Amino acid sequence: MTNLQASGVSAGLEHTDLLAIFEKMLLARSLDERQWILNRQGKAPFVISCQGHEAAQVGSAFALTPGKDWVLPYYRDLGVVLTLGYTPTEVMLGLFARAGDPNSGGRQMPAHYGYRKLKIVSGSSPTGTQVPHAAGIGLAIKIHNELAGRIVDDAVAWVSFGEGTSSQGEVHEAMNLAGAHALPVIFVCENNGYAISVPQRQQMGVEDVADRAAGYGFPGVVVDGTDPVACFEATQAAVERARRGDGPTLLEFKCLRLTPHSSDDNDRTYRPSDELKAIKQHDPIDRFAAYLKAEDILTDAHERELRERIKHQVNEATAAAEAAPLPDPSTLLEHVFTSQARD
Amino acid sequence: MTNLQASGVSAGLEHTDLLAIFEKMLLARSLDERQWILNRQGKAPFVISCQGHEAAQVGSAFALTPGKDWVLPYYRDLGVVLTLGYTPTEVMLGLFARAGDPNSGGRQMPAHYGYRKLKIVSGSSPTGTQVPHAAGIGLAIKIHNELAGRIVDDAVAWVSFGEGTSSQGEVHEAMNLAGAHALPVIFVCENNGYAISVPQRQQMGVEDVADRAAGYGFPGVVVDGTDPVACFEATQAAVERARRGDGPTLLEFKCLRLTPHSSDDNDRTYRPSDELKAIKQHDPIDRFAAYLKAEDILTDAHERELRERIKHQVNEATAAAEAAPLPDPSTLLEHVFTSQARD
Amino acid sequence: MAELSLIEALRAGIDESMAADERVFVFGEDVGKRGGVFRVTEGLQAKYGPWRVIDSPLAEGVIVGACTGAAMSGMRPIAEIQFADFIWPAMNQIVSETARIAYRSNGDWNVPLVIRAPYGGGIHGALYHSQSVEAFFAHVPGLKVVVPATPYDVKGLIKSAIADPDPVMFFEHKKTYRLIKGEVPDGDYSVPIGKADIKREGDDLTVITYGLMLHYALEAAEQLAQTDGLNIEVLDLRTVRPLDTEMIFNSVRKTGKVLIVHEDNLTGGIGGELAALIAEHAFEYLDGPIMRLAGPDVPAMPFAATLEEAFMPSPERIAAKIRELAAY
Amino acid sequence: MAELSLIEALRAGIDESMAADERVFVFGEDVGKRGGVFRVTEGLQAKYGPWRVIDSPLAEGVIVGACTGAAMSGMRPIAEIQFADFIWPAMNQIVSETARIAYRSNGDWNVPLVIRAPYGGGIHGALYHSQSVEAFFAHVPGLKVVVPATPYDVKGLIKSAIADPDPVMFFEHKKTYRLIKGEVPDGDYSVPIGKADIKREGDDLTVITYGLMLHYALEAAEQLAQTDGLNIEVLDLRTVRPLDTEMIFNSVRKTGKVLIVHEDNLTGGIGGELAALIAEHAFEYLDGPIMRLAGPDVPAMPFAATLEEAFMPSPERIAAKIRELAAY
Ligand SMILES: Cc1ncc(C[n+]2csc(CCOP(=O)(O)OP(=O)(O)O)c2C)c(N)n1
Ligand SMILES: Cc1ncc(C[n+]2csc(CCOP(=O)(O)OP(=O)(O)O)c2C)c(N)n1
Ligand SMILES: [Mg+2]
Ligand SMILES: [Mg+2]
């Protein structure tokens, strides 16, 4: 984080941008924390967290153009979808499985994002299946440009997944395809060192997933995932490369998992107790706040005001979503086919 | 091939070994050529060739210990299975789908090898499925050694596949597993530049499949696949590494495909005609013969005698296999389950 | 009107759809210069260029996965799986993704994707180039599963499949590609997905079938008309999901006797679903047991001619089974 | 004798098999320290060490593929798929490899492998943690498919599965893990694969079912005995491939009426095969249509409680269907 100021400047981020990033990080954290409270209150059967990934998510998503670029997030990416335009209420509608949940109308578990109007592509639970979709969207963009003989579509496809998920064959197949045709895809590995209980050394024989990119013919970049500016910068470079038609990049953000895998997990059964203590020292929110204050971009008063505002937003979102109706059981059979729904 | 003599010596190969390698290469080529003739005569519905891969196959297999090491070849590996102990008649029984075919009793297509007594593991048509099996055999060996607290089983699992097949997700998954646990597996990619009609540049964004190994935490080695001694040496080093418990190696043998993909293919539809002419200049058999003669290891007379002997063997094998009975239709329902057959 | 082989009719259908809609592209192994190992796409790359007929890497998971992504982004991909036997690496995509994206997004997204694959045996394809896989996909809600048997139907159905806003599995019996010829109208027409077709009218007994077996069943029926005076109705499903229950039940009501014939293994094949539907909803019209004739329950069709022949249902075996049921 | 929950009985069976045979090992995601996300293997790594209970990478293809290789080399692996919904990346291995290695090698090789997976819904698992997948595998020759419903059966069947020289798919309904308790004998016993079990005798009507639905069917049967004086036979398949046709046909001969109940989607589910077998081989004993009650034909079970409930067959719905059939 030492060179964060420098990169903030070199990345062309204004102070207002840095504050906007901080705010989205805080909002993601607050919404996430509230979800755990609701879970303990018996009001939300399932929570899966972004805590410890906020810097990577918000920083990276900040380099995308909402509504233009295609985004295929995974279940931890609350920070990503908030940055791209989800409202807190929409997030909470998903948590409570309400009919108005934009992801799925309450059909999917919480955090299974998807929102056509934001070009956030519907995701699922099986790990890694979104990565071929991103390659396919990249292929479609490439086809448009090749048929036109020039770049008529400079959108990119941004897709994320955990380091555990990088073991899935489909992730390999997608990266290989993207490498073969220099497709405009940004592969983002949010590496938090665990796949549920399985530590990275049990998952693979390397330190850096980014090392794989060389085997596909494109750059792999390791980034401090607790530094939002570094994540922004790395993503921006990848986006520019992709828009130019130069092909994919694999970004590996080294993140922290500050919570158990999900509300169904108990990480004390497998995680050394001192490890959690140690990583909490690197909490991306605290670090970014400290940096912004050290640089006089954020004052204590401003931070308090921000936190108040966000708390209020989260309260409102929770109340609105809780009051919203559940899906009508009579809708169970709808949308098996699109044709059925549209004619 | 210039330093072939040096490597032959440094690899500890005696002249008799070099001649044995040459003989197996010749035998593989002869059996293969005969199969095409039989195909054109309408006697064999399907042929798939080793032509252009003989040096890699025989050289590499020569570094294994038959009956001790586990071998999972793919359909081109006639040279491998001959080196490990298949007789020409057994090969021809497979070609003619005879009841006595050791692979499958005539159930599988030709070249779908498998022979329990030789520890050649039954293979199939879907490309790449054998690679996880090899990782699993490596895992089993590792388990034996870990449970014993020392190396009680120093066998290796040797598995091969084409460069096109390296795109399959299962290949990635298997290499990743082998890398995570330093399993005694030797991954052999026989790269002939084509997956049926699809040239390598359309399959992947890299020159060398071997580059992928770094992403799994083990060495990847590119070897001239027309040089049997180089292939032997590289395999021997990988075998020693694996026997010591130091883990896998990915060997990439740059081979030539001197024939169409199979007897069902017509490569004139996609292969530049001068390309085939050019690669024929590098025919591994011719090159090795020239080398052996230059080194006075082989004389013209000896070569003639060898070719005569092999021709005779191939004749005998063809006649014996052709005369052998087809599977009895009443056996169709057998061996769906092992229990059924063994009790 | 022209007489075309099944493969020519299929190619013509794809060609016309590609000409009419620039969003349509083909993605699969060897589909480009080679025109596919069966030559279904022969000439199409030369006509439409390398970015509309694209050779994929050898990886079925990403063939279907990438096409699913492309379809979500607005394209109309046709994924070719070289042999139906090689569709399994794509199973995760098909079942978990392609088939349920409309449902899971509550209708926000859809996947207009055709997945084509040659299936079936009798061509010395052995254990891994002969399989019938339609029943697996017919068990997946969210998929339509089409198995045409004639040149007319294949062209009409591929056009419907490409135009469909939802995923369609399109299985072509590889033995019919060049064996089966028939009249195909010039120009545009389509055959609706989900409609069966009575390929031969009769009132003694209904044979329900599809694919290559349709032709064997018709052969058996013709023979029995001459030798036994039996008047067999032959119902070609054409689509195995959704099933055309109306036409099926109507035929059963008329004949009272049903033989189901498929090449796929007996246990768990389409025949089970058909028999269950009939045994529940047309029970009172049945004059005899619902019989099935199908491939035996072995993992697949062996290579040796002796064993392959022992596996395949044939016109003779179908005729024998019809006689048995007719005599009930 | 002790009263155990289903998960305790399952764990005991695995534990005893591991103690008895050093070739047995467990390979799957989170099976080690975490003891599996459902805790089936809890305590086993502590007992047998990290090389007999091994955390796999997150890749089902190689979980099954590596276990298949290890099994061929003489081990007796138990592969755990964390949720049945996540078995699809392994479909290629299971269908193309595991299931047919014995057949394709003409008996030269065999694959003694157990693939375990929790399946089924009713636990807020949503679209991807609720699926029933048994019918897909019951269509694959070369596989045995076991779906036990009681602690006694689960322990006896896991022991048979581990001892079996061929691949066995072992599906455990995750809602039964802690919900269902029962007497389990101390020490070694086994339950044979392929044998059904009459869990309740009766002569008015046969309900054929398995898994969680067994318990719902028994509840419905008890209720109807009291309210309607109906005497319902409840047949627990326990194994869905191979089916115990003898016991099935015997029950149908006795009652003349059959209701098949499964949680899996209706179309293409096990019910189809059952109905077909009965409609062919016990036709003359039928006093009414063969009815099926099953999960509806939607891609999977939604998350929202309202929709999940609308999906699940319940004791009440089973009772209503029994009444309908009994009145026929
Ligand atoms: C195909 C598949 N297998 C297993 C699971 C169960 N599962 C859900 S998340 C997860 C771990 C993912 O780890 P990683 O990719 O590192 O992401 P993280 O949760 O650490 O961010 C597992 C095993 C799944 N969802 N899909
Ligand atoms: C899963 C699967 N998909 C497709 C095929 C058809 N097929 C057989 S060999 C082959 C090309 C293999 O190329 P490569 O791996 O480079 O090996 P080579 O034949 O060149 O030695 C293809 C596409 C198959 N056998 N399996
Ligand atoms: Mg992780
Ligand atoms: Mg090749």
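Numbered from 1 within each chain, the chains take letters A, B, ... in sequence-line order. Every value quoted in this text rests on a predicted model; they were computed, and no experiment measured them. Computation of the quantities below employed the complete heavy-atom set of this structure, encompassing side-chain atoms and omitting hydrogens, waters and symmetry-equivalent molecules.
- For the set Gly220(B), Ala182(B), Ser166(B), Ala180(B), the count of heavy-atom pairs under 4.5 angstrom toward chain A peaks at Ala180(B).
- In this structure, Ser167(A) OG and Met175(B) CE are separated by 14.0 Å, a value rounded to the nearest 0.5 Å.
- When the heavy atoms of residues 196-212 of chain B are compared with those of chain A, the residues falling under 4.5 Å are Arg201(B), Gln202(B), Gln203(B), Met204(B), Gly205(B), Val206(B), Asp211(B), Arg212(B), listed by number.
- Side chain of Glu173(A) to main chain of Gln168(B): no donor-acceptor pair is present (N/O by atom type, distance under 3.5 Å, no hydrogens or angles).
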